[in-house]
S.K.: 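Structure in C-alpha cells, see below.
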Amino acid sequence: MESSELDGAVRVQVPGKVNLALSVSPRRPDGYHDLTTLFMAVSLYDILTATPARRGRLSVAVAGEGADQVPRDMSNLALKAADLLRARYGVAELGAHLSIEKRIPVAGGMAGGSADAAGALLACSVLWGLDVDQPELMELAAELGSDVPFSLMGGCALGTGRGEQLAPALCKGTYEWVFALAHGGLSTAKVFADYDVYSAASTTPRLIIDGLMTGLASHDLQAVRNGMCNDLEHSAIRLHPPILETLEEGLNIGGVTSIVSGSGPTVAFLCADEDDAVELSVGLSSFPSVRAVLRARGPVSGARVLSAS
Ligand code: C5P
C-alpha cells in the first residue's frame, strides 16, 4: 500500500435505540427468538473514526463511559464488522484503526455494540473505497447481529425475524426520552435464556403493536403509551431487581410511561415534553438504583458519515 493511501480518516455517528414494543416468540431451532418489535433510534450517539493501517492490521481503541468493559480483541463487534467487510468486498491487506467514543450505555439494552458494528461497516466501506451499496451493507449487518441493521437504518421501524428484517414505520414529530442507567449491565443472551425458562410465550397481542404504530403515525401520546410493552421486562427484573424501583418510582416524578429498554437494564421513560424530561432527569439522579441519567430525542437517522478526509 502506498503511503498516500494511508492518509485520511472517516468519522461516523451511530444512534442508540429503544424498543417501544418487544414481543418475543419461543426459541427457534437456531437458538434465536422470532420477534415483533418496534424500534426507535434516539439521539445518544457513539462516534467511530476509522483511519488506515498497514499490512492488514485491524485495531480498536475505546473511550467514554463504560469503555473498560468493551473488548479490544477480535471479539469486538466493530472489529468483526471491519473484518467481514474486507473479507467479502476488499482484500486481506486492507487495514484500519477504529477509535470509538462511547456515549450509548455499554450492555444497557440500547444496541451500543450493534451501533459500533454498523459504524465500522459504514466507516470502513468509505475509508477503503469499496463499492458496497446500502442493501449489501444491510446484509452484512444482519450477519453481525440482530440489531445491527437497525443501527444502520435508524428512524422508526418494525422489526421481525430475529429483529433484522425491517420495515420503516411512520412516526410523526419527535419524542422526549429520559434513560435511567443501572449499576452494571445485562447480557442479552442471559436475558433471553431466562425468558425461555420462565415465560416461553409472548404475552403481547399483535393488536397492541398495531395500536402503537397507529399512535406513532399520528403523534397520539396516549396511544403510544398504551402500546408500549416488553416481553423481556420480567426477565430483566429477575436478573437485576433494582430496575423495578426505577420503573415504578420514576413514574411518580412524571414520566409518561416507563419501560425496560430492550434486554435492559436501562429504563426508558417517555415524557410528555422537554420540561417533564428535565424534571424527571433531576428526580431520577438521586435514586440509589440509578447510576446516571441521560436525555435524548427520537426518532433520529441511522449511521451517517460526519466527515471524510
Ligand atoms: O443477534 P445478537 O448477536 O445481538 O444476539 C445476542 C444473543 O441474544 C443471541 O446469541 C441470542 O442468545 C439472543 N437473541 C435471541 N433472539 C433474538 C436476538 C437475540 O435469542 N431475536
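We count ligands from 1, going down the list as the structure has it; atoms in each ligand are counted the same way.
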S.K.: How long is the gap from NZ on Lys17 to CG on Leu38, to the nearest 0.5 Å?
M.R.: 12.0 Å
S.K.: Under 4.0 Å between a side-chain nitrogen and a carboxylate oxygen: does that hold for Arg297 and Glu176?
M.R.: yes
S.K.: Would you be so kind as to tabulate the donor-acceptor pairs closer than 3.5 Å made by side chains of residues 96-108, with sequence neighbours excluded?
M.R.:
{"residue": "His97", "atom": "ND1", "partner": "Ser59", "partner atom": "OG", "Å": "2.7"}
{"residue": "Glu101", "atom": "OE2", "partner": "Arg11", "partner atom": "NH1", "Å": "3.3"}
{"residue": "Lys102", "atom": "NZ", "partner": "Asp46", "partner atom": "OD2", "Å": "2.3"}
{"residue": "Lys102", "atom": "NZ", "partner": "Gly112", "partner atom": "O", "Å": "3.4"}
{"residue": "Lys102", "atom": "NZ", "partner": "Asp116", "partner atom": "OD2", "Å": "2.9"}

S.K.: Show every salt bridge (Lys or Arg N to Asp or Glu O under 4.0 Å) that has at least one partner inside residues 299-309, sequence neighbours left out.
M.R.: none
S.K.: What are the polar N/O contacts of ligand 1 with the protein below 3.5 Å, with distances?
M.R.:
{"residue": "ligand 1", "atom": "1 (O)", "partner": "Ser146", "partner atom": "N", "Å": "2.9"}
{"residue": "ligand 1", "atom": "1 (O)", "partner": "Ser146", "partner atom": "OG", "Å": "2.6"}
{"residue": "ligand 1", "atom": "16 (N)", "partner": "His33", "partner atom": "N", "Å": "2.9"}
{"residue": "ligand 1", "atom": "20 (O)", "partner": "His33", "partner atom": "ND1", "Å": "2.6"}
{"residue": "ligand 1", "atom": "21 (N)", "partner": "His33", "partner atom": "O", "Å": "2.8"}
{"residue": "ligand 1", "atom": "21 (N)", "partner": "Arg162", "partner atom": "O", "Å": "3.0"}

S.K.: Mind jotting down which residue pairs meet the side chain to side chain donor-acceptor pair (under 3.5 Å) criterion with at least one end in residues 75-91? Sequence neighbours excluded, please.
M.R.: Asp73-Ser75, Asp83-Arg86, Arg88-Glu143
S.K.: Sort out for me which residue in Leu181, Asn19, Leu294, Val42 forms a side chain to side chain contact (heavy atoms under 4.5 Å, CB included) with Met110.
M.R.: Val42
